[in-house]
S.K.: 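Below is one structure. I have some questions about it.
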Amino acid sequence: MPQLTEAKRSCYCGELRKSDIGKEVILKGWVHSHRNHGGIIFLDIRDRTGLCQVELDPKNIAAEYFESAQKLRDEFVIAVKGKVAARPEGMVNPKLATGEIEVKASCFEILNTSQPLPYTMDSYANMSEENRLRYRYLDLRRPEMQEIIITRSKLYRVVRTFLHENGFIEVDTPILTKSTPEGARDFLVPSRMSEGMFYALPQSPQLFKQILMVAGYDRYFQIARCFRDEDFRANRQPEFTQIDIEMSFITPEDLFEPMERLIKKIFEEIKGAKVEIPFRRIPYAEAMLKYGSDKPDLRFGLEIKDVTDIFRSCDFRVFKETIEAGGVIRALCVPAAAEKISNTQLKPGGEIPRVAATYGAKGIAWFKMEGEPALPNSNISKFFAAETLASLASALGAAAGDLILIVADKPKVAAESLGQLRLWLGRALNLINPDALEFAWIVDFPLFEWNENERRWDSAHHPFTSPMPEDIPLLETAPEKVRARAYDLTLNGEEIGGGSIRIHRSDVQETVFKAIGIGEKEARHRFGFLLEALSYGAPPHGGIAFGLDRIMMILMKRDSIRDVIPFPKTQAGLCLMTGAPSDVTDEQLRDVHIQLRREIKE
RNA sequence: GGGGGCGUAGUUCAGCUGGUUAGAACGCCGGGCUGUCAAUCCGGAGGUCGCGAGUUCGAGCCUCGUCGCUCCCGCCA
């Protein structure tokens with residue numbers, strides 16, 4: 001018997017075409033499926049390039065091989081030697097790239113056997129996420145997942161190539177670093193050599209990239225792993241990957257230009273999509289008003305309008321009291337939806353009020369455009385003067401058959417609940433073109449946001465974000481009015497990146513720290529090294545970080561971030577494959593000077 | 001931290017108002033079959049109904065606890 005184990009593979013399975021007919025080949029791969037007809041056996045051999053049908057026919061193969069072929073099962077690893085042949089008339093399989101040919105085997109060898117799989121390799125079968133994660137090596141073996149992981153590799157290459165060609169320098173930053181208590185919770189790593197001390201895993205390379213600017217490495221980038229020990233949600237993982245970028249001597253526009261070209265390049269190279277640049281810029285306030293979100297999905301219209309003024313003098317108690325308390329009335333006009341959305345869906349307890357309630361709205365007022373001429377009509381229309389209803393309809397451009405949804409509440413609640421309703425309606429009424437790519441820069445974010453729990457101002461982005469120069473005088477008098485030189489890049493309702501121009505002068509930095517209640521002593525303790533660095537000739541600088549996993553998700557049209565991360569964790573932060581996190585020995589704990597407060601139950 | 005959904009054969013699921021021996025499909029095992037490609041035909045094996053308590057004459061089904069997966073709110077500078 002020839003030793004195929006050591007024989008060199010001549011080509012990949014998925015590469016064979018009609019032009020290869022007549023060639024002698026050696027293939028190596030997995031038995032994707034086997035069809036045993038007794039007198040003839042067909043195998044689909046799979047590797048990461050695809051499938052190829054192999055025919056085992058006693059006419060072409062020695063009896064001893066045919067005998068042992070009876071033992072072949074799915075997922076056995078085999079080597080096959082044979083001749084590429086055209087498939088007989090009518091036997092072409094159009095579903096396979098290699099469907100016009102087959103390999104007539106002259107011999108084969110089983111390189112390894114396989115237990116029956118805990119689930120099937122076929123793409124038409126669903127399997128539980130739990131099993132996919134537990135047997136991740138099998139999940140990753142599926143052609144569908146291999147396509148994702150290979151595309152992810154291509155994305156890394158496109159990003160690196162583009163950034164290197166555009167003068168960016170790739171620099172590593174530490175994984176073991178210093179804990180910075182604000183922001184997300186840090187993952188901690190106990191130090192063996194410094195008793196009682198801890199490293200933290202970086203939430204992002206933020207401070208290091210600023211330090212690199214101080215050090216003169218204008219145009220830094222890194223494909224960086226970031227760690228945040230917070231509760232999970234869909235599309236959030238404890239460790240995730242960012243394309244981290246920082247530049248010196250720039251305005252936001254100087255950054256947008258190369259970043260737009262980077263994003264364009266990514267979507268064109270990976271997806272073959274057409275991307276128009278420059279992207280539109282939308283001020284934060286406008287995004288919140290029109291879309292009720294700082295990451296608007298611009299694939300459909302349905303803009304929210306403020307109609308507070310129309311109802312300013314009305315007697316309807318809910319509206320009146322909301323306005324008197326400084327609240328707003330906002331409305332969404334849904335074209336031709338009066339019949340598509342039932343009264344059951346609109347009634348208290350129905351789907352629509354429930355969506356709104358999730359985001360804090362106490363209720364939903366609604367009207368359907370009815371009658372001749374059409375006017376807003378509903379169970380509450382009797383509370384309003386005819387002129388009020390008419391001006392509502394004209395302000396919204398509402399026509400017969402339209403549905404009007406109204407939320408009266410604090411500006412934030414009205415915006416968010418209508419924003420979420422807008423998304424719900426977009427999906428429910430099928431207004432979203434799944435192939436569209438709608439990018440936008442969201443700009444002019446507020447520098448601070450009010451922390452209701454602790455009754456103080458917090459940084460909206462992070463404390464190193466530069467205020468707009470003209471707003472600096474407001475830092476101490478009217479912090480809520482200070483705009484930041486911060487920006488997010490959004491795509492189809494997802495934030496795919498965000499960043500800012502940083503503060504490069506220690507006096508401005510101190511004023512900002514003061515505004516968010518960080519005293520000089522505390523600032524020095526937490527970020528002393530950064531403040532010190534800023535005092536040694538720090539250039540003006542700024543940057544951005546893109547969420548690589550989210551971009552991958554959109555590129556691959558996946559709903560779950562776990563599908564585009566090779567080895568993701570579950571919502572409880574467990575790795576079902578390795579069993580991490582796990583207990584450690586007493587000796588390991590002693591080494592790092594840690595004593596558990598409670599014995600873990602066996 | 002709060003709320004929702006799910007957990008039944010190796011896998012994906014069904015299982016009525018709490019009532020006889022918990023079913024199906026795929027997979028697996030044995031056998032047949034020379035043109036299949038989700039091969040097919042005949043036969044067979046396979047169950048701690050996640051785990052633990054409780055209610056009941058009787059629990060896959062009801063209650064409580066617990067573990068796991070997942071989604072939402074909070075959280076994520």
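Fair warning: this is a prediction, and the values are worked out from it, not measured in the lab. Order of the sequence lines sets the chain letters (A, B, ...), proteins ahead of strands, with each chain counted from 1. Just so it is clear, the values below take in all heavy atoms, side chains as well, and ignore hydrogens, waters and symmetry mates.
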S.K.: Could you tell me the Watson-Crick or G-U partner of B:rA9, where both distances fall under 3.5 Å? Say none if there is no partner.
M.R.: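 Base partner found: none.
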
S.K.: Separation of A:D74 atom CG from B:rA38 atom P, in whole Å?
M.R.: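 To the nearest whole Å, that distance equals 13 Å.
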
S.K.: Please report the shortest heavy-atom distance between A:D20 and A:L16, naming the atom on each side.
M.R.: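 Minimum heavy-atom contact is OD2-CA, 3.3 Å.
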
S.K.: Identify the heavy atoms of A:K209 and A:D244 that sit nearest to each other, and give their distance.
M.R.: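 Distance-wise, the nearest heavy atoms are NZ-OD1, 2.8 Å.
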
S.K.: Given that both distances must come in under 3.5 Å, which nucleotide forms a Watson-Crick or G-U wobble pair with B:rG44?
M.R.: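 Its partner is B:rC28 (Watson-Crick or G-U wobble, both distances under 3.5 Å).
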
S.K.: With rounding to the closest Å, how many angstrom separate the P atoms on B:rC64 and B:rC6?
M.R.: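 To the nearest whole Å, 15 Å.
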
S.K.: Is A:R132 side chain donor-acceptor paired with the B:rC69 base, going by distance under 3.5 Å alone?
M.R.: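 Side chain to base: no pair below 3.5 Å.
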
S.K.: Please check the phosphate of B:rC69 (OP1 and OP2 only) for any side-chain N or O of A:T570 closer than 4.0 Å.
M.R.: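 For B:rC69, OP1 or OP2 has a side-chain N or O of A:T570 closer than 4.0 Å.
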
S.K.: One thing to verify: whether A:R562 and A:D549 come together as a salt bridge, which I'm taking to mean a side-chain N less than 4.0 angstrom from a carboxylate O.
M.R.: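 A salt bridge is absent here (no side-chain N lies under 4.0 Å from a carboxylate O).
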
S.K.: Between A:S417 (side chain) and A:A356 (backbone), is there a donor-acceptor pair under 3.5 Å?
M.R.: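 Here the side-chain-to-backbone pair does not exist.
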
S.K.: Measure CZ/A:R354 against C1'/B:rC73 and give the value in whole Å, please.
M.R.: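 About 15 Å, once rounded to whole Å.
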
S.K.: When only distance counts, do a donor and an acceptor, one from the side chain of A:Q571 and one from the base of B:rG68, lie under 3.5 Å apart?
M.R.: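 Flag unset: no donor-acceptor pair detected.
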
S.K.: Please determine whether any donor N or O and acceptor N or O are separated by less than 3.5 Å between the side chain of A:R228 and the base of B:rC76.
M.R.: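 Not at all, since no donor on one side and acceptor on the other fall under 3.5 Å apart.
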
S.K.: Just by modelled atom types, is the A:G528 backbone N or O under 3.5 Å from a matching donor or acceptor in the A:R524 side chain?
M.R.: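 Flag not set: sc A:R524 to bb A:G528 has no pair under 3.5 Å.
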
S.K.: Name the pairs: protein N/O against N/O of nucleotides 1-10 of chain B, kept only if under 3.5 Å.
M.R.:
from, atom 1, to, atom 2, distance (Å)
B:rG1, N7, A:D231, OD2, 3.4
B:rG10, O2', A:P118, O, 3.2

S.K.: Check every strand shown and say whether A:Q53 touches a base, only sugar-phosphate, or nothing at a heavy-atom separation below 4.0 Å.
M.R.: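 Base, at least one base atom sits under 4.0 Å.
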
S.K.: Taking only N and O in the side chain of A:R233, is any of them less than 4.0 Å away from OP1 or OP2 of B:rG74?
M.R.: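 The answer is yes; a side-chain N or O of A:R233 sits under 4.0 Å from OP1 or OP2.
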
S.K.: With a 4.0 Å limit, can you tell me whether A:R562 has a side-chain N or O closer than that to the phosphate oxygens OP1/OP2 of B:rU70?
M.R.: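 For B:rU70, OP1 or OP2 has a side-chain N or O of A:R562 closer than 4.0 Å.
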
S.K.: Which nucleotide in the list B:rC75, B:rC72, B:rC37 gets nearest to the side chain of A:N93?
M.R.: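 For the A:N93 side chain, the nearest candidate turns out to be B:rC37.
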
S.K.: For B:rG58, give the paired nucleotide (Watson-Crick: N1-N3 plus N6-O4 or O6-N4; G-U: N1-O2 and O6-N3; both under 3.5 Å), or none.
M.R.: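 Looking at the geometry, B:rG58 pairs with no nucleotide.
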
S.K.: Listing time: all N or O pairs from protein to nucleotides 29-32 of chain B that are below 3.5 Å?
M.R.:
from, atom 1, to, atom 2, distance (Å)
B:rC29, OP1, A:R73, NE, 3.3
B:rC29, OP2, A:R73, NE, 3.4

